[in-house]
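What follows is a short report on a single structure.
Just so it is clear, the model here is predicted, and its values are computed rather than measured.
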Amino acid sequence: MKRMVLSLLVENNPGVLSRISGLFSRRGYNIDSFSAGVTADPRYTRITIVTSGDEACLEQIEKQCAKLEDVCHIKKLLSGSSVTRELIMVKIRAKDTERQAVMNVTEIFHGKIVDVTHDSMIIELTGNQDKLDAFLDLLQGYEILELARTGLTGLSRGTADVKFL
């Protein structure tokens, strides 16, 4: 099973996210991660989709996405020629005596403590999926109360494949 990261530049029209996710569900394709946000030009949204399947399935996904009316540009984000990141926020139970150890691990991973209460802490961390998974692995001794992940987002390196509309 292979993994593919697609970056779609789409027209910012009502229902565009529904049409794209509907394409995946109608055809039985899996979405591992989906993130979307408006670009510098509010007429367009950039959508990053992580999907997996065999070679033929991934090729079909790319072709089907390119056929959608709202899709202006599509490209694969390949490791080595792109930069991808994900954000996590994790709330853990942490007593006064445990906070310093959590802060030390968070600092090593270049994360931020964004909230502290009497019995919990919320940590924000950005990075590639391996880094985030390694951080979560180190938190196994703590009770994770809540966890939120944004999904992968990314851009290709350089200016060679920038699409101007």
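From Leu58, atom CG reaches atom CE of Met1 across 9.0 Å, with rounding to the nearest 0.5 Å. Put simply, CZ on Phe34 and OG1 on Thr150 are 13.0 Å apart, with the number rounded to the nearest 0.5 Å. For the atom pair Glu62 CD and Ile74 CD1, the distance stands at 5.5 Å (nearest 0.5 Å). Atoms CG and OG, on Leu155 and Ser81 in that order, are 12.0 Å from each other to the nearest 0.5 Å. For the atom pair Lys76 NZ and Met4 CE, the distance stands at 6.0 Å (nearest 0.5 Å). Taking CZ from Arg85 and OG1 from Thr48, the interatomic distance works out to 13.0 Å, rounded to the nearest 0.5 Å.
Nearest heavy-atom pair across Thr45 and Thr39 is C-CG2, 4.0 Å. When all heavy atoms are compared, the tightest approach of Ile47 to Ala36 is CG1-CB, 3.8 Å. Shortest non-hydrogen contact noted between Tyr44 and Asn12 is N-CB, 3.9 Å. The minimum heavy-atom distance between Val71 and Cys65, with the atom names listed, is CG2-O, 3.3 Å. Nearest heavy atom pair, residue Ile20 against residue Ile49, reads CG2-CD1, 3.7 Å. The two residues Leu23 and Tyr29 come nearest to each other via the heavy atoms O-CD1, 4.4 Å.
Residue Leu78 is not grouped with residue Val5 when hydrophobic side chains (ILVMFWY) are merged at heavy-atom distances under 4.5 angstrom, including chains of intermediate members. Note on Leu17 and Val38: separate hydrophobic clusters, where clusters join Ile, Leu, Val, Met, Phe, Trp and Tyr whose side-chain heavy atoms are under 4.5 Å apart, directly or indirectly. Leu136 and Ile122 are not part of a single hydrophobic cluster, where members link through side-chain heavy atoms under 4.5 Å apart. Placement of Ile144 and Val105 within a single hydrophobic cluster is found when ILVMFWY residues are connected by side-chain heavy-atom separations under 4.5 Å, directly or transitively. With hydrophobic clusters built from ILVMFWY side chains whose heavy atoms lie under 4.5 angstrom apart, Tyr142 does not share a cluster with Leu145.
Using modelled atom types, one side-chain atom of Glu98 and one backbone atom of Lys95 make a donor-acceptor pair closer than 3.5 Å. Judged by distance alone, with hydrogens and angles left aside, the side-chain atoms of Asp54 form a donor-acceptor pair with the main-chain N or O of Cys57 at under 3.5 Å. No donor-acceptor pair closer than 3.5 Å links the side chain of Ser120 to the backbone N or O of Arg93. A donor-acceptor distance shorter than 3.5 angstrom exists from the side chain of Ser33 to the backbone of Leu152, with no hydrogens or angles considered. Without hydrogens or angle criteria, Arg26 side chain to Gly22 main chain gives a donor-acceptor distance under 3.5 Å. Although no hydrogens or angles enter the test, the distance criterion places a donor-acceptor pair under 3.5 Å between the side chain of Thr51 and the main chain of Asn30. A distance-only check finds no donor-acceptor pair linking the side chain of Lys112 to the backbone of Ile123 [under 3.5 Å].
The residues Arg46 and Asp41 are annotated as not salt-bridged, no charged nitrogen and carboxylate oxygen being separated by less than 4.0 angstrom. The residues Asp70 and Arg19 are annotated as salt-bridged, a charged nitrogen and a carboxylate oxygen being separated by less than 4.0 angstrom. Under the 4.0 Å criterion applied to side-chain N and carboxylate O atoms, Arg43 and Glu11 are not assigned as salt-bridge partners.
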Between Met103 and Ile113, is the side chain to side chain contact (heavy atoms under 4.5 Å, CB included) condition met? List the steps.
CA-CA 7 Å; Met103 290 168 58; Ile113 308 293; 4.2 Å; yes
message = Test side chain to side chain contact (heavy atoms under 4.5 Å, CB included) on Lys91 and Leu147; report intermediate values, then the result.
response = CA-CA 6 Å; Lys91 182 190 299 183; Leu147 174 68; over 6 Å; no
Please assess Thr106 against Asn104 for the test side chain to side chain donor-acceptor pair (under 3.5 Å), listing each intermediate value before the final yes or no. CA-CA 5 Å; Thr106 301; Asn104 291 342; over 6 Å; no
- Task: Under the side chain to side chain contact (heavy atoms under 4.5 Å, CB included) rule, what do Phe109 and Leu132 come out as? Steps first, then yes or no, please.
- Result: CA-CA 9 Å; Phe109 280 84; Leu132 302 183; over 6 Å; no
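Considering only heavy atoms from C-beta on, Val50 stays 4.5 Å or farther from Ile31 through its side chain. Side chains of Leu8 and Leu6 form a contact here, defined as non-hydrogen atoms less than 4.5 Å apart. Side chains of Arg27 and Gln60 form no contact here, defined as non-hydrogen atoms less than 4.5 Å apart. Side-chain atoms of Val16 and Pro14, non-hydrogen and from C-beta on, never get closer than 4.5 Å to each other. By the 4.5 Å heavy-atom criterion applied to side chains, Lys131 and Leu125 are counted as neighbours. Residues Asp115 and Met121 have side chains not in contact (no heavy-atom distance under 4.5 Å, counting atoms from C-beta outward). Looking at heavy atoms from C-beta onward, Arg157 lies in side-chain contact with Val83 at the 4.5 angstrom threshold.
The 12-atom threshold is exceeded at CD of Glu143, counting heavy atoms of other residues, nucleotides or ligands nearer than 6.0 Å.
Remark: the Asp119 side chain and the Thr117 side chain contain an N/O donor-acceptor pair separated by less than 3.5 Å.
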